[in-house]
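Residue numbers begin at 1 in each chain, while the letters A, B, ... track the order of the sequences.
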There are 2 protein chains.
Amino acid sequence: MPKVGMEPVRRQQLIDATISSVAEFGLQATTINSISKKAGLSSGIISHYFGGKQGLIEATVRYLLTNLKHELIKQVTPTTTPEQRLMLIIEANFARLQQRSDTTKTWLSFWAQSMHDVQLHRLQNVNSRRLLSNLVSSFKQLMGDDEAKLAAQLCAAMIDGLWLRAVLSKSDQDQFAHCEQLAKNFVCSLIKQYGA
Amino acid sequence: MPKVGMEPVRRQQLIDATISSVAEFGLQATTINSISKKAGLSSGIISHYFGGKQGLIEATVRYLLTNLKHELIKQVTPTTTPEQRLMLIIEANFARLQQRSDTTKTWLSFWAQSMHDVQLHRLQNVNSRRLLSNLVSSFKQLMGDDEAKLAAQLCAAMIDGLWLRAVLSKSDQDQFAHCEQLAKNFVCSLIKQYGA
DNA sequence: TTTTATTAATTGAACGTTCAATAAAAATAA
DNA sequence: TTATTTTTATTGAACGTTCAATTAATAAAA
């Protein structure tokens, strides 16, 4: 079996299997056995590539976060207007679901766990602050600094709130799309309200 | 030691200890030992009063939910205006923290777990729908039915979103109070926007 | 004494980690 | 090419730990 250069392949296999297992069973019931079984690999391989279960969990979170970041960056061009940029931010955040339906439950599990895990909390904070700073810089081009900060805070809360309630009520794709539209409309009303 | 009529006392002791343990260690690391130790009781008592760990977990969630409900009901009087009622709803929801600082982490843990636990998901849904229906009925007295439904959805998302982001960033009491004020201002702007 | 409340000890299953063994590919030598 | 050695990738059984649940014993109250 052994071919050279399997490392990146195996790492991705295990990360995918982790997302799948956490989505299906929850973080609590996710074991190295449930992961390795889904990956079609042995349990020992986890320690070999990630140093242990905890290392794999963290790598999985990092993967989800960088994915979210790239999802946004790849869409933005020099000609993107502030309004368009705000819409793209919303789309990227709701696409946490659209691209893979099983990632939503995973996000929620990791958020909860981040309250009791220093490493995960650090990663979570980076992500949360990036969303806010992206929003602030976009709003600042449309209104005063103070208004922009307020608008960004409300917008971030609205995105997370709509997303959270959709996940918790096990919404389908259509309901998610509806929430995404609500978030966009909300941004428009913020611009109208505070816009210079 | 044994006195008669200890059941309600012990039950509450164990529920309090569960909240405390989940807040400190997370749901994952909460064991019948960590709970019973915090309660100053033996681990066997959990099975005696709750049939097992799962029974205690569910009883704890039920306790938190009924508490939230009572928090709201006890404030509402026949003379409460719709605007006042909306403010009370927000206060009750943010008071999930104010009354006890360790309950916030507990809420988040239980939300995440509800994605993989049928019983918890049922309880969570009841609560989520009650918030929404409370909001809808209040808004309906201030605007048209369709506008009220929309306002309620946005308001529920804003409450949960602000609350979630405050919890995840480990905000202090002051920052929570600030978020509560943002939520109230948001309700006011909804009324101005859609109000008849 | 009988009942009720509680503890402390015990059980067996499940967990993450470790590690010696193995199997296949790659590299080298013939 | 073919044979041999070395490296890389992977396995799965064994180990020690931890957990929830159960059990028998104990202590106080009725």
Side-chain angles (χ1 to χ4, degrees), chain A residues 1-22 24-61 109-110 112-113 116-120, chain B residues 1-61 106 109-110 112-113 116-120:
Chain A
M1 290 183 187
K3 288 185 206 168
V4 287
M6 289 312 300
E7 183 163 337
V9 178
R10 296 293 181 231
R11 290 181 83 95
Q12 193 56 50
Q13 260 185 294
L14 289 169
I15 286 172
D16 289 340
T18 304
I19 293 171
S20 175
S21 175
V22 173
E24 185 171 352
F25 309 120
L27 195 54
Q28 266 209 63
T30 288
T31 68
I32 56 167
N33 277 320
S34 73
I35 296 170
S36 55
K37 197 174 177 183
K38 273 184 182 291
L41 297 167
S42 74
S43 61
I45 207 78
I46 290 172
S47 290
H48 182 251
Y49 281 124
F50 294 96
K53 186 192 179 186
Q54 188 62 18
L56 174 53
I57 297 290
E58 277 167 33
T60 304
V61 174
S109 286
F110 289 146
Q113 187 59 20
H116 310 281
D117 185 315
V118 181
Q119 292 284 357
L120 289 189
Chain B
M1 294 180 185
K3 289 184 204 166
V4 286
M6 287 270 76
E7 183 164 337
V9 178
R10 296 292 181 231
R11 289 181 82 95
Q12 193 55 50
Q13 260 185 297
L14 290 168
I15 286 173
D16 288 341
T18 303
I19 293 171
S20 176
S21 173
V22 173
E24 185 171 352
F25 309 119
L27 194 54
Q28 267 210 68
T30 287
T31 68
I32 56 168
N33 277 319
S34 73
I35 296 169
S36 56
K37 197 175 176 183
K38 273 183 183 291
L41 297 167
S42 72
S43 63
I45 208 79
I46 290 172
S47 290
H48 181 250
Y49 281 123
F50 293 96
K53 187 192 179 187
Q54 188 63 19
L56 175 54
I57 297 291
E58 277 168 34
T60 303
V61 173
T106 312
S109 286
F110 289 146
Q113 186 59 19
H116 310 280
D117 184 314
V118 181
Q119 290 284 356
L120 289 188

In Å and rounded to the nearest 0.5 Å, what is the CG to OH distance from Leu56(A) to Tyr49(A)?
-> 13.0 Å
With rounding to the nearest 0.5 Å, note down the distance linking NE2 in His48(A) to CZ in Arg11(A).
-> 10.5 Å
Watson-Crick or G-U wobble partner of dA9(D), both distances under 3.5 Å = dT22(C)
[X] has an atom [atom1]; how far is it from atom [atom2] of [N], in whole Å?
| X | N | atom1 | atom2 | answer |
| --- | --- | --- | --- | --- |
| Leu41(A) | dT8(D) | CG | P | 20 Å |
| Phe25(B) | dT18(D) | CZ | P | 14 Å |
| Leu14(B) | dA5(C) | CG | P | 14 Å |
| Ile32(A) | dC19(C) | CD1 | C1' | 14 Å |
| Asn33(B) | dT17(D) | CG | C1' | 13 Å |
| Arg11(B) | dT6(C) | CZ | P | 13 Å |
| His48(B) | dT6(C) | NE2 | P | 8 Å |
| Lys37(B) | dC19(D) | NZ | C1' | 15 Å |

Considering only [options], which nucleotide approaches the side chain of [X] most closely?
| X | options | value |
| --- | --- | --- |
| Thr31(A) | dA21(D), dG16(C), dT7(C) | dG16(C) |
| Ile45(B) | dT7(C), dT10(D), dC19(D) | dT7(C) |
| Ser47(A) | dA8(C), dG12(D), dT18(C) | dT18(C) |
| Arg10(A) | dT6(C), dT10(D), dA21(D) | dT10(D) |

If you look at every strand shown and take non-hydrogen atoms under 4.0 Å, does Ser36(B) touch a base, only sugar-phosphate, or nothing?
-> nothing
How do Gly44(A) and Ala29(A) order along DNA chain C: which one's closest nucleotide is nearer the 5' end?
-> Ala29(A)
Are the side chain of Ser20(A) and the backbone of Asp16(A) linked by a donor-acceptor contact shorter than 3.5 Å?
-> no
Derivation of the side-chain hydrogen bond (donor to acceptor under 3.5 Å, both in side chains) call for Ser42(B) and Ser36(B) | CA-CA 5 Å; Ser42(B) 72; Ser36(B) 56; over 6 Å; no
Would you say Tyr49(A) reaches dA9(D)'s phosphate, i.e. side-chain N/O to OP1/OP2 under 4.0 Å?
-> no
Phe25(B) versus His116(A), closest heavy-atom pair with distance = C-ND1, 3.6 Å
